[in-house]
Amino acid sequence: DAGVTQSPTHLIKTRGQQVTLRCSPKSGHDTVSWYQQALGQGPQFIFQYYEEEERQRGNFPDRFSGHQFPNYSSELNVNALLLGDSALYLCASSLEGIREYTEAFFGQGTRLTVV
Amino acid sequence: AQSVTQLGSHVSVSEGALVLLRCNYSSSVPPYLFWYVQYPNQGLQLLLKYTSAATLVKGINGFEAEFKKSETSFHLTKPSAHMSDAAEYFCAVRGSNAGKSTFGDGTTLTVKP
């Protein structure tokens, strides 16, 4: 089991550009959550996808959007990049929709640098 | 609503000394609580979790944490620090089985030889 995999691992973009980050969840998981971790801070929740729909959203502008595919993988898209979008973007997968608690597993993250 | 406060952004201990990292939480529903460790340029690794079972939770690498509802705390401890414990530690709260986790700002643990 490869666990949660994210691609790419590092990315450099210019202000105003658009970026797409990808996440493959752990085998058997159906839910993907995205977090932004700025340098020296804790992860901040962006949104969560379940059954191909955005189920919850944090306090992030509409420039941040996502998608979940039928195979449960997910993409995070950020438009009109700002310098402040530079951060480590973490994907977490879990199995939801059941009563019992299940652990969320995190990927290694994508380091986005906006110049 | 849920929130986490980690007291002390930097903690320094000597190798072999007790490690104590503090976490206080706020949650409008019975919480799930977590401690994660993050090494430089890596993702988050779960150390331990509280899910309304035993209040004293044992995790990996010799870490443990005690859930104290009356104090709304979930402090992380380890009896004897090792050099390899030097990392960033995050406390997180989750208000339900599903949904987002809210993280603290992290505590950087330094272990001196």
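Labels below follow one simple rule: chain letters A, B, ... track the order of the sequence lines, proteins then strands, and each chain is numbered from 1. Side chains are part of it too, since the values below use all heavy atoms of this structure and drop only hydrogens, waters and symmetry mates.
- Between A:Phe105 and A:His29, the ring centre distance stays below 6.0 Å.
- Residue A:Gln6 does not touch chain B at all, counting heavy-atom pairs closer than 4.5 Å.
- For A:Tyr72 and A:Tyr49, the gap between ring centers reaches or exceeds 6.0 Å.
- Contact annotation for B:Thr102: neither backbone nor side-chain heavy atoms come within less than 4.5 Å of a heavy atom of chain A.
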**OP:** Assess whether side-chain hydrogen bond (donor to acceptor under 3.5 Å, both in side chains) is satisfied between A:Ser33 and A:Gln48, documenting all intermediate values.
**Re:** CA-CA 4 Å; A:Ser33 302; A:Gln48 183 182 82; 3.0 Å; yes
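- Proximity to chain A is absent for every atom of B:Gln6, based on heavy atoms less than 4.5 angstrom apart.
- Across A:Arg111, A:Gln41, A:Gln37, the residue that shares the most heavy-atom pairs under 4.5 angstrom with chain B is A:Gln37.
- Counting heavy-atom neighbours within 6.0 Å of A:Asn71 CG, excluding the residue itself, gives a total above 12.
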